[in-house]
Amino acid sequence: MSEWEDHDLDDEYRANLLDPALLLRMFRYGVVYWPRMVVGVLLAGVSSFLWLLPPLLGGAMIDLVFQAAVDGPGPGRFILNWIHGVVSTFTTESFGQLPASTQIWTFAGLALGIRVLQFAVDWTNGYLLAGLGQRVIYDLRMQVFTHIHGLETAWFHKNPVGRLVTRVANDVGALEDMFSTAFVMIIKDVGMLIGVTIMILILNAQIGLAALGIVPFMVAAALVFRKYSRAAYRRWRVALSRLNAHIAESLSGIRVVQLFTMERRSRRRHDELSRDYKTAWMEQRRAWAVFRPVSTILSAGGTGVVIWFGGAAVLTGFALNQQDPKPSPAEFAALGGITMGTLYTFLAYVEQFFQPIRDLTEKLDVIQSAMTAAERIFTTLDETARIEERPDAVDPGRLRGEVEIRDVRFSYHPEEPVLRGIDVHIRPGSTFAIVGPTGAGKSTIINLLCRLYDVNEGAVLVDGRDIRDYSLRPYRKNVAVVHQDVFLFAGSLLENIRLGDESISRERVAKACRAVRADRFIERLPDGYDNELEEGGKTLSAGERQLLSFARALVVDPAILVLDEATASVDTHTEELIQRAVTTLTTGRTSIVIAHRLSTIRQADRILVVADGRITEQGTHAELIALRGAYHRLYRMQFAESGPDGPKPGD
Ligand code: ADP
């Protein structure tokens, strides 16, 4: 399994469903937008309340039809009394005495009014809370991105890009589901559950409690479902992320796939992963397929309980109403009677009661994965590995470029020293070359100079001052590094050279390109400097990319230039272009060249030979040749390889 594929399996993250610390931290992001949040929650309350009205209205109407008293024991006492109050402000007649058609119209009007209001409240609420969700997610996304950008290079070696992409994209996405849909639903569902429970207990406590007797069964079913669905959901998420990772990997490596004719193997892998995905999805559906009917049966059980007890109570009520004189509403209720309207309202409420439980159960997975995502995101946000700036750090302004590396020792891992005491002094404006076998520590010296890492012992001084005394960003502006593998961003050529620094004019870019002779190939491109490059700049040749990277360095006019010389072979013409560009680039500024071809550094003012984290030889080309040591051997070796056109021993 590749590193891309296992990122969803990290088991160290197992947030509890309702981890209070996590919830509180998530909540804090919303608190910034508290007016929206307060209004949203209030409206959700209003909406839940409005949902309680239609069953009451229906019940009241039935009671009216059955001529139950306005102040009777049924739902009419909530609705009819209220209507009665309103009506009596307009007319001396009571509602019951109005013509039947007027009564019906009043009910119809009320029902419509409630629906319209419900619509308005739900829409506004949905809009407000979804907006809240989006704002929170926006903040979080920006925060995670900015935070990750600020972390030190070492941290990125421990956290593969695939995992980080997941964090910024998928994990934030999982939270988005939570904030924009689940959050709204949870508030409403919980409001509804509370409202319905209160109403049925007020209407008739005995039947209400009997109906609520179903709840433990429902909870048990939900727990069993959750156990299965959670495992299935997790498998499904893993399958999905593996599938995506495989697609991403095979597409980004499409050249290798095609050139090494790996298509069939790649397709087979894709086939396996697709099958896993399908199986996991079906498993999840199976859990749902069982849970849905079970929960329907249970809620039907609730309805059954209500009909059983309620039906009997209605019959009692009928019998009581036959008596002469009719019992008072209090006696009616005390003797165990309910009206037909009450039964209707009950039945409607029971239905409304089980729906939110079902919804919440099915949303548990979304909430669970949001909690896990939140945990991972917060862990990333709590990561503090960064190059520390001293509180009294100064802006170095423009440096002259005198570099001194003073007895520097460094290791990436405590037990594996990489640099074992490096001492170097580089005069401003001189060209300094570092040579040595792979793994000797050349790049490490550069990493320390750029302050991607801080030294363990000793110090790096620039213009006589420890670089740790300088503010980081202004200091780094003084150093430009040209790497072997040039990274180009998707965007225009111009943007790729000035790298987002708008203060660099087009003319300056063009001048830099002319100086390194990149202008010729650029002007041949259809849109010249505005030519769009793909990410990676795959449409350009290695030599062209190299020239662009020179222009990039030259345009910022750094005090110190670091050149990690390309090992890739280019044709002789390009090689010559590059050599001339290097000369332009290094003239008049401190330059440090990590050299692979010794022929290119003969003119260097000083050459450093490192091996195994130590300086073994130091001097000019001529001095080192005369020394007949490691440099001389290396030089002879390259001469043997490059044949008669290469350097000659004794040069
Ligand atoms: P060179 O540039 O001379 O080829 P480097 O400076 O890149 O050598 O590497 C020196 C040693 O440090 C090597 O053994 C390499 O494996 C190790 N190394 C380089 N970068 C890292 C890193 N980020 N984490 C751990 N070890 C590293």
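All values below were derived from every heavy atom in this structure, side-chain atoms included, with hydrogens, water molecules and symmetry-related copies excluded. Atoms within each ligand, like the ligands themselves, are counted from 1 in listed order.
Residue contact check for ligand 1: Glu416 places no non-hydrogen atom closer than 4.0 Å to it. Residue contact check for ligand 1: Pro437 places a non-hydrogen atom closer than 4.0 Å to it.
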Arg508/Asp501 under salt bridge (Lys or Arg N to Asp or Glu O under 4.0 Å): CA gap, chis, key distance, verdict:
CA-CA 12 Å; Arg508 228 168 97 194; Asp501 185 348; 6.0 Å; no
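Under the 4.0 angstrom criterion, atom 19 (C) of ligand 1 counts as having a protein heavy-atom contact.
For ligand 1, the atoms lying closer than 4.0 Å to a non-hydrogen atom of Lys442 are 1 (P), 2 (O), 3 (O), 4 (O), 6 (O), 8 (O). Within the listing of ligand 1, atoms 4 (O) sit less than 4.0 angstrom from a heavy atom of Thr438.
Among Phe156, Tyr453, Tyr412, Phe410, the residue whose heavy atom lies nearest to atom 21 (C) of ligand 1 is Tyr412. Between the choices Gly441, Ser411, Gly613, the shortest heavy-atom distance to atom 8 (O) of ligand 1 belongs to Gly441.
Between Arg520 and Glu523, no side-chain nitrogen of the basic residue sits less than 4.0 Å from a carboxylate oxygen of the acidic one, so the salt-bridge criterion is not met. Residues Asp530 and Arg506 are paired through a salt bridge, judged by an N-O separation under 4.0 Å between the basic side chain and the carboxylate. For the pair Arg545 and Asp485, the salt-bridge criterion is not met [side-chain N within less than 4.0 Å of a carboxylate O].
At least one donor-acceptor pair under 3.5 Å links the side chain of Thr586 to the backbone N or O of Val582. Judged purely by atom type and a 3.5 angstrom limit, Lys442 has no side-chain atom pairing as donor or acceptor with the backbone of Val593.
In this structure, the protein non-hydrogen atom closest to atom 14 (O) of ligand 1 is Gly439 O, 4.1 Å. Protein heavy atom closest to atom 2 (O) of ligand 1, with residue, atom name and distance, is Ser443 OG, 2.5 Å. Closest to atom 5 (P) of ligand 1 among all protein heavy atoms lies Thr444 OG1, 3.6 Å. Among protein heavy atoms, atom 11 (C) of ligand 1 sits closest to Val418 CG1, 3.7 Å.
Atoms OG and CD, on Ser250 and Gln258 in that order, are 10.5 Å from each other to the nearest 0.5 Å. Going from atom CD1 of Ile594 over to atom CG of Asp564 covers 4.5 Å, rounded to the nearest 0.5 Å.
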